[in-house]
Q: 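Got a structure for you, written out below as C-alpha cells; questions coming shortly.
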Amino acid sequence: MPDRHEPFPHYFASVAGGDGASALTDAHLLLALHQRKVRALVDGETGVRFESLALFADPLFELYDLDPMAAFELRAHPDDADEATVAVMEAARLLWAFFSLPMKERADRHDALAAFLLGPGATPEDEADFDALLDAVETHWDALASEDIALAEDVEAETLDFDALLDYPAFAHPAIEHAVERTYGPDHLSEMEARALFAQPLLEQEDDPDALDAAMERADDYWTLAQLRGLERDAFLDEFVEANALDADEAEAIRAEAGRMLARFQSLFPNQG
C-alpha cells in the first residue's frame with residue numbers, strides 16, 4: 001500500500017504527468033488540472049455533498065496520518081488546496097461510488113478500482129493492503145444510515161455512478177481496462193498527454209485560478225466536440241453556445257474559438273476523433 005504520508009502515489013503520479021511528458025510539466029496545466037478537481041469536489045459536481053464526502057473520508061485521513069480538518073480547509077480555501085488532501089478526497093468520492101454498487105457489482109469492479117487508485121506495478125503487498133483498506137472503508141460505509149446517504153446525494157448535480165465517475169473529465173486518470181491504450185498523433189501521445197497539449201492555447205493566456213479552471217472546462221468541451229461529427233457536432237456546439245453566451249457577440253466569439261480548437265485538434269491529431 002502507499003506510504004502513509006503519500007496517498008495513492010501511483011495514481012497521483014499519473015495526474016502529475018508520468019513518463020516525463022513535457023506537456024504535463026507545464027505549470028499552467030498542472031494548476032488547471034488541480035483546480036478543476038478541487039472545484040468538482042467542493043461544488044458537489046459529481047452528485048455528493050462535499051461535507052458528507054469529507055466525513056466519509058475519515059478512514060483515509062486516518063490511514064495516511066493526515067488531519068481530517070484539512071478537508072474542510074479545502075472548502076474554505078480551495079485555491080490553497082494541497083495535493084495530499086485532494087488525492088484523499090478524490091479517492092473517497094470514487095470509494096463512495098464503489099460502495100454504492102450492489103455487492104455482486106462491487107466484486108466485478110474491484111480490479112477497476114484497484115487499477116485506478118494503485119496504478120500499474122502494484123505489488124502483492126500493495127494489493128493486500130488495498131483490500132484491508134477496502135474492508136475498513138466498507139465498515140464505515142455500512143455504518144451510514146440510508147437517510148445520511150440520501151441527504152449526501154440530495155444535490156442539484158446528478159450523482160454519478162462508479163463507471164461514469166471513472167470517465168469524468170475533472171478526475172484525470174490513467175486509461176484502464178483496455179488491452180491497448182489509444183494514442184494520439186505522430187508522437188503516440190496518451191489521451192491525457194494529448195488533452196494537455198490540445199488545451200495549452202487556452203491555458204497559457206490565463207493566470208487567475210478561476211480563469212484557469214474555466215479554460216480547462218472549455219478545453220474539455222472542445223475535446224468532446226472534436227470527437228463528434230455532422231449533426232451531433234452541430235447540436236453539441238449549439239447547446240454549448242446557448243449555455244455559455246450572454247449575447248450575440250459572445251456567441252460569435254465562442255463559435256470562433258471552437259473553430260480554432262477544432263482546427264488545432266485536426267492539426268495535432270490528423271484523421272482522429
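Please read all numbers here as calculations on a predicted model, not as lab measurements.
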Q: Which of parallel (below 30°), tilted (30 to 60°) and perpendicular (above 60°) describes Phe72 and Phe50?
A: perpendicular

Q: Provide the closest heavy-atom pair for Phe269 versus Gly185 in the form atom of the first, atom of the second, distance.
A: CD2-N, 3.6 Å

Q: Is it true that the side chains of Asp142 and Thr139 contain a donor and an acceptor less than 3.5 Å apart?
A: no

Q: Using side-chain heavy atoms (C-beta onward) and a distance below 4.5 Å, is Met89 in contact with Leu60?
A: no

Q: Below 4.5 Å, heavy atoms only, C-beta onward: do Asp43 and Val155 meet side chain to side chain?
A: no

Q: Would Phe265 and Tyr222 count as a ring-ring contact (aromatic ring centres under 6.0 Å, His included) here? Give the steps.
A: CA-CA 9 Å; Phe265 185 94; Tyr222 293 144; over 10 Å; no

Q: Do Leu55 and Leu95 sit in one hydrophobic cluster, given that two such residues count as connected whenever their side-chain heavy atoms are within less than 4.5 Å of each other, even indirectly?
A: no

Q: With a 4.5 Å cut-off on side-chain heavy atoms, are Leu237 and Leu225 touching?
A: yes

Q: Between the side chains of Glu138 and Arg106, is the shortest nitrogen-to-carboxylate-oxygen separation below 4.0 Å, so that they form an ion pair?
A: yes

Q: On a heavy-atom basis, which atom in Ser100 and which in Trp141 lie closest, and how many Å separate them?
A: OG-CH2, 3.4 Å

Q: How long is the span from the OG1 atom in Thr123 to the CG atom in Asp129, to the nearest 0.5 Å?
A: 8.0 Å

Q: Between Leu151 and Asp148, is a side-chain contact (heavy atoms from CB on, under 4.5 Å) present by the stated rule, with each step listed?
A: CA-CA 5 Å; Leu151 176 63; Asp148 296 327; 5.8 Å; no

Q: What distance do Leu118 atom CG and Asp111 atom CG have between them, rounded to the nearest 0.5 Å?
A: 11.0 Å

Q: Before accepting this row, confirm whether a basic side-chain N of the pair Glu45/Arg93 lies closer than 4.0 Å to the acidic partner's carboxylate O.
A: no

Q: Rounded at 0.5 Å granularity, tell me how far CZ in Arg36 sits from CG in Leu41.
A: 10.0 Å

Q: State, yes or no, whether a side-chain contact exists between Val38 and Glu90 at a heavy-atom distance under 4.5 Å.
A: no

Q: State whether the number of non-hydrogen atoms from other residues, nucleotides or ligands found under 6.0 Å of Glu158 atom CD is greater than 12.
A: no

Q: Testing the basics here: between Val88 and Ala57, what is the closest heavy-atom pair and its distance to 0.1 Å?
A: CG1-CB, 4.4 Å

Q: What distance separates Asp135 CG from Phe130 CZ, expressed to the nearest 0.5 Å?
A: 10.5 Å

Q: Please assess Asn244 against Glu250 for the test side-chain contact (heavy atoms from CB on, under 4.5 Å), listing each intermediate value before the final yes or no.
A: CA-CA 8 Å; Asn244 290 278; Glu250 284 195 6; over 6 Å; no

Q: More than 12 foreign heavy atoms under 6.0 Å from CD of Glu252: is that the case here?
A: no

Q: Can you tell me how far apart CD1 (Ile149) and OG1 (Thr159) are? Round to the nearest 0.5 Å.
A: 11.0 Å

Q: Mind checking the CG-OG1 spacing from Asp161 to Thr46? Nearest 0.5 Å is all I need.
A: 11.0 Å

Q: Any heavy-atom pair between the side chains of Leu268 and Tyr184 that's under 4.5 Å?
A: no

Q: If every non-hydrogen atom of Ala226 is compared with every non-hydrogen atom of Leu262, which pair is closest and at what distance?
A: CA-CD2, 3.6 Å

Q: Tell me, do Glu73 and Asp67 make a side-chain contact under 4.5 Å, heavy atoms counted?
A: no

Q: Is any NZ, NE, NH1 or NH2 atom of the basic residue among Asp213 and Lys37 found under 4.0 Å from an Asp or Glu carboxylate oxygen of the other?
A: no

Q: Looking at every heavy atom in both Leu197 and Arg264, which two are closest together, and how far apart are they?
A: O-NH2, 2.6 Å

Q: What heavy-atom pair brings Ala157 and Gly44 nearest, and what distance separates the two atoms?
A: CB-O, 3.6 Å

Q: Using only atom types and a distance under 3.5 Å, with no angle test, would you say the side chain of Glu105 pairs donor to acceptor with the backbone of Pro102?
A: no

Q: Using a 4.5 Å cut-off on heavy atoms from C-beta on, say whether the side chain of Asp163 contacts that of Leu166.
A: yes

Q: Applying side-chain contact (heavy atoms from CB on, under 4.5 Å) to Phe240 and Thr224, what does each step give before you reach the verdict?
A: CA-CA 11 Å; Phe240 180 70; Thr224 300; over 6 Å; no

Q: Measure the shortest side-chain to side-chain distance between Val137 and Phe98 over non-hydrogen atoms and say whether it is less than 4.5 angstrom.
A: no

Q: If only atom types and distance count, is the side chain of Asp208 paired as donor or acceptor with the main-chain N or O of Asp210 below 3.5 Å?
A: yes

Q: Run the side-chain contact (heavy atoms from CB on, under 4.5 Å) check on Glu257 and Arg218 step by step: do they pass?
A: CA-CA 10 Å; Glu257 183 177 68; Arg218 295 204 315 280; 2.8 Å; yes

